[in-house]
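Presented below is the structure to which this report refers.
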Amino acid sequence: MKIVIIGGTGLIGSKLVTRLSEQGHEVVSASPSSGVDTLTGAGLAEVLVGAEVVVDVSNSPSFEDAAVLDFFTRATTNILAAETAAGVGHHVALSVVGTERVTDSGYLRAKVAQESLIKESSVPYSIVHATQFFEFFKAIARQATVGDEVHLSSALIQPIAAEDVASAVGRVTVGAPLNGTVEVGGPEIFSFTEFIARGLKAHGDPRTVVEDPQARYFGALLRGSELLPSEGAQRGETPFDAWLDVDVVSGPKP
Ligand SMILES: NC(=O)c1ccc[n+]([C@@H]2O[C@H](COP(=O)([O-])OP(=O)(O)OC[C@H]3O[C@@H](n4cnc5c(N)ncnc54)[C@H](OP(=O)(O)O)[C@@H]3O)[C@@H](O)[C@H]2O)c1
């Protein structure tokens, strides 16, 4: 089956392209670097010809509130219109666990807007809600850094390896449309402070993690368990420490 991956060059997208190609599907990566721009609509109609499934794992280049809202609303509107015209039978999108609970995050408000457009569209769909990727710990630390300290709340996080997210999205992609949402999280629950402290320590990063109840996570004041998936969520299998062992050898410093 022909599957188009919007954002197929990204962290999750590139892993999905590999997985689904290995399963024998005709997989096409679509993003600005291959001439497909969902903001302008350029190249969309052409790449969707004959596609049965479209997976949207694109991301906004800017996380600024207005820019990210514009990205997800304009891109999703263009993608869904092109899918309708092309007769695509399944739209799969990757979003974030807890989007609806964290309303003071501009990024998550944009993801809610994306999800609303998908639910209102006539195209059959599946939404995958994933928790924060292990790979994202460096960005979390960066946005929370004040001098040589990293200020984080003790709210809870159940992060997951990008490889396990790609696996979950891949399973949904080859299945029937859910017209609903599935959740996937990692195998362990940490406080934000513990998660980031472990990552920094493994990398020999000298920054000190400071617990700060007023610290914001990309603009959001987290109280406790808003970002945790429900009890019945799928679970990735890779533990954080095992992922860190590989990341320390292969990855750049946070
Ligand atoms: N980070 C997390 O912890 C987390 C957790 C849950 C869910 N998510 C969701 O996961 C999704 C994928 O994230 P990611 O980290 O894999 O993304 P990423 O690595 O930043 O990749 C972004 C992709 O979007 C493409 N793109 C950017 N602008 C585009 C445009 N105008 N038209 C078409 N494609 C465009 C890029 O293409 P080029 O390479 O050609 O520029 C790239 O392939 C996001 O929607 C995010 O909300 C993230």
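The basis for the numbers below is simple: all heavy atoms, side chains too, and nothing from hydrogens, waters or symmetry mates. Read the numbers this way: they start at 1 and go in the same order the structure lists the ligands and their atoms.
For an aromatic pair to be called close, the ring centres must be under 6.0 Å apart, and F63 with Y107 satisfies this.
Contact annotation: T40 has no heavy atom less than 4.0 Å from any atom of ligand 1.
Nearest protein heavy-atom neighbour of atom 36 (C) of ligand 1: T9 OG1, 4.0 Å. The closest protein non-hydrogen atom to atom 28 (N) of ligand 1 is F71 CE1, 3.6 Å. Atom 46 (C) of ligand 1 has as its closest protein heavy atom Y107 OH, 3.2 Å. Nearest protein neighbour of atom 10 (O) of ligand 1, counting heavy atoms only, is L94 CD2, 3.2 Å. At the shortest separation from atom 16 (O) of ligand 1 among protein heavy atoms lies I12 N, 3.0 Å. Residue, atom and distance of the protein heavy atom nearest to atom 44 (C) of ligand 1 are S58 O, 3.3 Å. Of the protein's non-hydrogen atoms, the one nearest atom 12 (C) of ligand 1 is V57 O, 3.3 Å. Of all protein heavy atoms, the one lying nearest to atom 26 (N) of ligand 1 is P32 CD, 3.9 Å.
Contact of the F137 side chain with the H203 side chain is registered, since non-hydrogen atoms from C-beta on lie closer than 4.5 Å. Taking 4.5 Å as the limit, every side-chain heavy atom of L227 sits out of range of all side-chain heavy atoms of L156.
Ion pair R207/E149 not flagged as a salt bridge, since none of the NZ, NE, NH1 or NH2 atoms sits closer than 4.0 Å to an Asp/Glu carboxylate oxygen. Salt bridge K138/D247: present, at least one basic N to carboxylate O contact under 4.0 Å. In this structure, E183 does not pair ionically with R235, as no charged nitrogen and carboxylate oxygen lie closer than 4.0 Å. Using a 4.0 Å cut-off between charged nitrogen and carboxylate oxygen, E115 and K111 do not count as a salt-bridge pair. With respect to R109 and D65, a salt bridge is recorded, a charged nitrogen being found less than 4.0 Å from a carboxylate O.
Using a 4.0 Å cut-off between heavy atoms, D56 makes no contact with ligand 1 at all. Counting heavy atoms closer than 4.0 Å to ligand 1, residue F133 contributes atoms from both its backbone and its side chain.
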Steps toward ring-ring contact (aromatic ring centres under 6.0 Å, His included) verdict (F218, F136): CA-CA 12 Å; F218 292 99; F136 202 45; 5.6 Å; yes
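Below 4.0 Å from some heavy atom of D37 lie the following atoms of ligand 1, by number and element: 30 (C), 31 (N), 32 (N). Within ligand 1, counting atoms from 1 as listed, the ones closer than 4.0 Å to a heavy atom of V96 are 6 (C), 7 (C). Residue contact check: S95 has heavy atoms under 4.0 Å from atoms 6 (C), 7 (C) of ligand 1. Listed by number with element, the atoms of ligand 1 under 4.0 Å from a non-hydrogen atom of V36 are 32 (N), 33 (C). Listed by number with element, the atoms of ligand 1 under 4.0 Å from a non-hydrogen atom of Q132 are 3 (O). Distances below 4.0 Å separate heavy atoms of T38 from the following atoms of ligand 1: 30 (C), 31 (N), 32 (N), 33 (C). Residue contact check: K111 has heavy atoms under 4.0 Å from atoms 44 (C), 45 (O), 46 (C), 47 (O) of ligand 1.
Any N or O atom pair closer than 3.5 Å counts here, and G10 shares at least one such pair with ligand 1. Considering backbone and side-chain N/O atoms, G7 comes within less than 3.5 Å of an N/O atom of ligand 1.
Side-chain atoms of E163 and W243 form no donor-acceptor pair, as typed in the model, at a separation below 3.5 Å.
In this structure, K119 contributes its side chain and Q114 its backbone to no donor-acceptor pair below 3.5 Å. The backbone N or O of G224 lies less than 3.5 Å from a partner atom in the side chain of E226, making a donor-acceptor pair.
Atom CD of E237 is surrounded by 12 or fewer heavy atoms from other residues, nucleotides or ligands within 6.0 Å.
Between L11, L108, N59, it is N59 that holds the heavy atom closest to atom 20 (O) of ligand 1.
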